[in-house]
Amino acid sequence: MAFRAFYALPAENFATDTGQHTNAVHGFVSMLLTMIRQQKPTHVAVAFDLDTPTFRSLEYTEYKAGRNKTPEEFHGQIDLIRKVMEAMNIPSISMDGFEADDILATLAAKGEAAGFEVLVVSGDRDAFQMITEKTLVLYPKKGISDIPPMDGDAVEAKYFVRPEQYSDLAALVGETADNLPGVPGVGPKTAAKWINLYGGLPGILENIDNIKGKVGESLREHVDNVTRNRRLNHLLTDLELPVGFEAMVLDRPDREAVEELFDALQFNTLRKRLFDLFGDDPVEAAEEEPIPAHELLQDAAGLETWIGAHGAQLLGLHAATVTSAGATDVVGLAFASNDATAFISLEEIDEETEKALAQVLSSESHTKTVHDFKRTYKLLKNRGFELAGVHDDTMISAYLIQPDRRSHELPDIAQQHLRISLDETKAAANGQLALDLEGPDLATPAVRAAHVVRALSLHLAPMLLERGGTDLLKNLEMPLSLILAHMEMSGIAIDTARLDELYDDFTTTINRATEEAFAAIDGQEVNLSSPKQLQVVLFETLDLPKTKKIKTGFTTDAESLADLLVKTGHPFLVALMAYRDATKLRQTVEGLRKAVASDGRIHTTYAQTVAATGRLSSLNPNLQNIPVRSEEGRRIREVFVVGDGFQTLLTADYSQIEMRIMAHLSGDEGLIQAYEEGEDLHRFVGSHVFGVEPAEVTNEMRSKVKAMSYGLAYGLSSFGLSKQLKISVDEARTLMKDYFARFGAVRDYLRAVVDQARKDGYTETIFGRRRYLPELASDNRQLRDIAERAALNAPIQGSAADIIKRAMLGVEKGLADAGLKSRMLLQVHDELVLEVATGELETVEQIVREKMGAAAELSVPLDVHVGAGTSWQDAAH
DNA sequence: GTTCAACCGTT
DNA sequence: GACGTACGGTTGAACC
């Protein structure tokens, strides 16, 4: 059935983010749920084949030979199905030396004897021999949804024999899939005729000499096939099964295990179907422990009374918001303590109440917990409230516990950790409840969320402690969150006139490139942005050499186009590449243009719980991928300028921070020495790898070791290195060998990191940030390799992320302590951009150098490069 | 209107 | 046969 599901569902549509295919698992579980819903069995068991030889293959070595190899995408899915069965408390049975169908036949026979009615689900027609008055077979017609029950009459209607004679028929006809040839020339019709004439195979064999014609001859010639087939297709009904019926009683699934597994498999509709089926509705589960009814706080006195009674407790806080015309506003606040909840509307609030509320929100002594502190802080700030005393952000806690999770939204983590459904919160977030929010019951969902946040906070705290993440939460991420909120609110000033000019310039380039491209293909006009149309032009019209294969044909990516240009020199390629570059730049410019707010500045949003390594990410717009490598691209950096009332922009970046972390973590004497002496790292490494004086290291040698050094932290292979440097794999291998001969501690470290991660199940940064990598133990080689590279990289990239985050806390404190007006605006992984107030440049530079340099005590110095200028581009050069 | 595939920008 | 981390965002095309 797993195989049926595998072929019925397209593998490419069922895969997790990590690349594990799940179509067979999905289909199998889906079918099983349908069966359970339709047939309402009291007992369920699942049987599996093993890879080991069976009595059939031992007797007939050709049994099932000649089958196509199991497709790559099927790998591992059987084990996953077994895990799902375990989570559902359904026994899965397999027996060395026997096939799944033998187990089923035994179960059917024993079940009947015990008085059960039996349903066998199998994709193998041999199962028809099990059919009796009490046993039916569910046999899939096609796909996974059409699985009608077959009884004796159904078999007879289809094959013209009774089920107990089906094996005789199959023996005569043969079974290609099992490599069991039957009698040539005899199909189901002839076989059925003989069986009905002679009463079965024994009768046929008795009368074998009386059967006339070519088919009779054929039968006599191949009678050995028939007897062998009959012996092999007979299913055993007397195995000693390791599991009794009592273990097969259909039980409720192990909720925890199913949730965890379905999270990993990314099954969401199936999860709902499963829990619906078992009457295990998450909403019901939550209702077992009702949320205290909320009090509506009307005035200052009401608020103060409630806070007086409950405010000494940790308070769950949730802001009720309404979004209209793209702007989101807080319209009310919900509080939850251990045994009470309250809601206060902000819509018609008097001055006195506003003041009382402001006091509660800003008070350090009223400890609070929220989900997404940064967002809440900004929303409240907009409304004139300062939020403080927040000890936990459940979004960040959940992230530190499971940084790989795709979503850390409140409904998702509430579902996972507390089994509480917050669909209405989700719907509200998606704007689907916008109308309802106008209605009277704005409070209930907000209160529910506040209650859940508090419960989650208490639930996650011990988990985080156990994983050593409490310090990161309290002393790094929470204070950082506040800094990020301020950076986002500050935004960065934009020279919009310049931005418009750039747009026009790039448009001109695009138009010119488009004309040139069309001219190069005889005036044919295609959409140069359509890879599909480009494929036609490149590989059909122009008949250029084929590039690397991708799903939809052949790739047209930049690297391949450059390759093709070298090979063919075709002018279309030149124009196309120019078009690509210019459209990409114009699209970046257009994105920025749309993002300029009414204050003339761009306010990005930092995602603090997205990157699994601990880095930040930037969105709406992404200011961490503004072009810098090309001349044209750098022009875009010129539009990021110092704002009114400030003197200059300042950028400060760590030089080679990841290599320095590598030197520190590996303890490699050579690397450490290079950094202590302040030498050009790549020159130093090059001189050792190539055995020449530093001054004799050529640019080519330098760029080779540079690529090598950087690649190391990403798990680069000799193949990858050869490709990048356009050298032979042999040469790349020699380069790596020479590198490690001189810097062996690096290799030892990289190996040790993976070994340790395999042992622990996670990697750790210098500051204790963990990343769990269960797929290090996967038996899927590709997944395992990916996990191994992630294990190499996570401590390095993650430590760098920790360090700059610590630096940001230091810089913020330094600026505040010195009473400066200058402020941080942007973070780009190893770089900070600040806006410096008039007269503060020297002090700010000194603070930034000191704090960034002191963010970590490594065995090598942290080198910081600082620059100032009126634009981001000027500042950096 | 939504989702997927391809592509490409940064570190 | 595959082969470098971590991201966000746009476009075209296919689909509902």
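First the proteins, then the strands, lettered A, B, ... as listed; each starts at 1. Computation of the quantities below employed the complete heavy-atom set of this structure, encompassing side-chain atoms and omitting hydrogens, waters and symmetry-equivalent molecules.
- Between A:Ile804 atom CD1 and B:dT10 atom P the separation is 18 Å, expressed in whole Å.
- A tilted orientation is assigned to the rings of A:Tyr762 and A:Tyr772, their planes being inclined by 30° to 60°.
- With hydrogens and angles left out, the side-chain atoms of A:Thr555 and A:Thr547 include no donor and acceptor closer than 3.5 Å.
- Between the CD atom of A:Glu788 and the P atom of C:dC3 there is a distance of 14 Å, given to the nearest Å.
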Self-check item: side-chain hydrogen bond (donor to acceptor under 3.5 Å, both in side chains) between A:Gln535 and A:Glu540, intermediate numbers included
Solution: CA-CA 7 Å; A:Gln535 285 177 7; A:Glu540 290 173 28; over 6 Å; no

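- Between A:Ile550 atom CD1 and C:dA2 atom P the separation is 14 Å, expressed in whole Å.
- Pairing of C:dC16, defined by two Watson-Crick or G-U wobble distances under 3.5 Å, is not identified with any nucleotide.
- Side-chain contact of A:Tyr579 with A:Thr509: a donor-acceptor pair under 3.5 Å is absent, judged by distance alone.
- A:Tyr710 is linked by a side-chain hydrogen bond (donor to acceptor under 3.5 Å, both in side chains) to nothing, counting only residues two or more places apart in sequence or in another chain.
- Using a 4.0 Å heavy-atom criterion, one finds that A:Ala801 contacts no nucleic acid atom at all.
- One interatomic measurement links the two molecules: CZ of A:Phe554 to C1' of B:dA6, which rounds to 16 Å at whole-angstrom precision.
- Nucleic acid contact class of A:Leu616 (heavy atoms, under 4.0 Å, all strands): none.
- Of the N and O atoms on the side chains of A:Arg751 and A:Tyr749, not one donor lies less than 3.5 Å from an acceptor on the other residue.
- Considering only side-chain N and O atoms, A:Thr556 lies under 4.0 angstrom from the phosphate OP1 or OP2 of B:dC7.
- Between the side chains of A:Glu658 and A:Gln797, no donor N or O sits under 3.5 Å from an acceptor N or O.
- When heavy atoms are screened at a 4.0 angstrom cut-off, A:Thr583 is found touching no nucleic acid atom at all.
- Side chains of A:Ser560 and A:Asp557: a donor-acceptor N/O pair is present below 3.5 angstrom, by distance only.
- Taking only side-chain nitrogens and oxygens, A:Arg580 comes nearer than 4.0 Å to OP1 or OP2 of B:dC8.
- Taking atom CD on A:Glu590 and atom C1' on B:dG9, their separation rounds to 16 Å, with Å as the unit.
- Separating the CG atom of A:Leu561 from the P atom of B:dA6 is a distance of 15 Å, rounded to the nearest angstrom.
- An OP1 or OP2 oxygen of C:dA13 is reached within less than 4.0 angstrom by a side-chain nitrogen or oxygen of A:Ser530.
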Nucleotide N/O to protein N/O under 3.5 Å, stretch nucleotides 14-16 of chain C:
| from | atom 1 | to | atom 2 | distance (Å) |
| --- | --- | --- | --- | --- |
| C:dA14 | OP1 | A:Lys532 | NZ | 2.6 |

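- Residues A:Ser799 and A:Arg769 bring no donor and acceptor atom of their side chains to less than 3.5 Å of each other.
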Exercise. Do nucleotides 4-10 of chain C as a string where each nucleotide becomes B, S or -: B if the base has a protein heavy atom under 4.0 Å, S if just the sugar-phosphate does, - if no protein is that close.
Key: BBBSBBS

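- One P atom belongs to B:dA6, the other to C:dA2, and the distance between them is 14 Å to the nearest Å.
- Here A:Asn527 lies in heavy-atom contact (under 4.0 Å) with sugar-phosphate atoms only.
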Quiz item: What do the steps show when you test A:Phe640 against A:Arg601 for side-chain contact (heavy atoms from CB on, under 4.5 Å), and what is the final call?
Solution: CA-CA 9 Å; A:Phe640 292 83; A:Arg601 302 172 72 97; over 6 Å; no

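- The distance from atom CZ of A:Arg784 to atom P of C:dC3 is 15 Å, rounded to the nearest whole Å.
- For the pair A:Lys549 NZ and B:dA5 P, the interatomic distance rounds to 18 Å; values are reported in whole Å.
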